[in-house]
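For the single chain, residues carry numbers from 1 onward in sequence order. Only heavy atoms go into these numbers, but all of them, side chains included; no hydrogens, no water, no symmetry mates.
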Amino acid sequence: MTANADQLRALAAVVDAGTFEAAAAALHVTPSAVSQRIKALEEQSGRVLVRRSKPVEPTEAGSVLLRLARQLALLESEAEAALAGRHEAAGAVVPLVVNADSLATWVLPALARVDGIRFELALDDQEHTLDRLRDGTAMAAIGSDPEPVQGCTARPLGEMVYRAVACPAYVERWCPGGWTPSAAAEAPVLVFDRKDALQDRYLDAFAPGARPPRHYIPASTQFVDAAVLGLGWGMLPDLQADALVAEGRLVVLDPVRVERVPLYWHRWSLRSAALDAVAEAIAAEAARVLVPVPAARESRAPGRGRPRNGRRSPA
């Protein structure tokens with residue numbers, strides 16, 4: 001099949017905007033023109049490319065062409081910048097998938113050092129970020145799986161270390177005699193969302209069978225606030241908790257058990273000045289703040305660390 005640039009732009013616009021009408025507004029054409037371009041692309045490919053839902057979603061076949069559309073847009077942007085005498089990466093749009101714990105602690109300082117690139121950040125659970133690479137909605141991602149998806153590369157960034165913490169008033173109320181399995185079975189726990197298995201994994205090791213009352217707090221910063229306010233205990237990364245522990249606003253409940261979540265940088269296997277610049281900045285900041293991934297763990301099977309949706313998730 002032969003897809004032209006306008007058809008691919010229409011496909012990307014429909015997926016990004018969520019509706020044919022919004023895509024038409026973004027492309028400065030009529031909804032009918034967008035519909036015709038998508039229909040022509042579907043006829044050429046012999047497959048349905050988008051689900052006419054709200055929002056519009058790409059099918060498996062549509063994801064293949066969506067990725068092509070993203071690559072074309074990136075290369076066009078870099079070519080235009082080079083012809084205009086600007087840095088090749090200037091003006092490029094780079095969609096990234098990041099877990100919110102990383103976004104709240106170390107990713108933004110890395111991106112702030114990259115000039116001339118526009119970022120479109122999406123949040124997802126760390127074990128699901130690679131789905132965004134597969135379906136073409138992202139060019140790069142931070143994920144806990146060391147294995148790259150087809151057409152992408154992966155490199156280790158480091159580990160985020162999580163510990164069970166709570167505020168002093170919470171400790172006094174729920175575990176005055178110490179943090180024990182019986183206390184953990186009754187004390188309310190903070191959970192990011194229903195994808196978040198980090199607390200349950202900790203409980204499985206510390207207090208098997210315990211399923212205490214839980215509060216769902218689906219935002220990284222507010223999750224920390226909830227722990228400080230005494231709403232529950234939760235697994236917090238050292239990058240967020242260390243200062244609060246030093247100030248006495250949080251207490252480490254278990255000095256022995258930690259959850260180590262490895263982070264890997266996944267990106268398209270595409271020669272791109274923009275992706276190279278982002279990868280360099282991400283790698284530099286990760287080397288500064290994350291715990292190095294031991295070589296023995298780099299080769300372990302994926303699925304051991306599960307940050308929260310957006311929290312736990314991004315060369």
Is there a donor-acceptor contact under 3.5 Å from the side chain of [X] to the main chain of [Y]?
{"X": "Q199", "Y": "V191", "value": "no"}
{"X": "Q7", "Y": "N4", "value": "yes"}
{"X": "W233", "Y": "Y170", "value": "no"}
{"X": "R52", "Y": "V50", "value": "yes"}

Report yes if the side chains of D254 and F206 come closer than 4.5 Å at any heavy-atom pair, otherwise no. yes
Take atom [atom1] of [X] as the centre, draw a 6.0 Å sphere, and report whether it contains more than 12 heavy atoms from other residues, nucleotides or ligands.
{"X": "Q150", "atom1": "CD", "value": "no"}
{"X": "R214", "atom1": "CZ", "value": "yes"}
{"X": "Q222", "atom1": "CD", "value": "yes"}

Strictly by modelled atom types, are T30 and S32 linked by a side-chain donor-acceptor pair under 3.5 Å?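 Side chains of T30 and S32: no pair found under 3.5 Å.
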Could you tell me whether the side chains of R194 and Y216 share a donor-acceptor contact shorter than 3.5 Å? yes
How are the rings of F223 and F192 set relative to one another: parallel (under 30°), tilted (30 to 60°) or perpendicular (over 60°)? tilted
With a 4.0 Å cut-off, would you call D16 and R70 a salt bridge? yes
In this structure, would L236 and V245 fall into the same cluster of hydrophobic residues linked by side-chain contacts under 4.5 Å? yes
Among L108, V107, V94, find the one that has a side chain to side chain contact (heavy atoms under 4.5 Å, CB included) with L121. L108
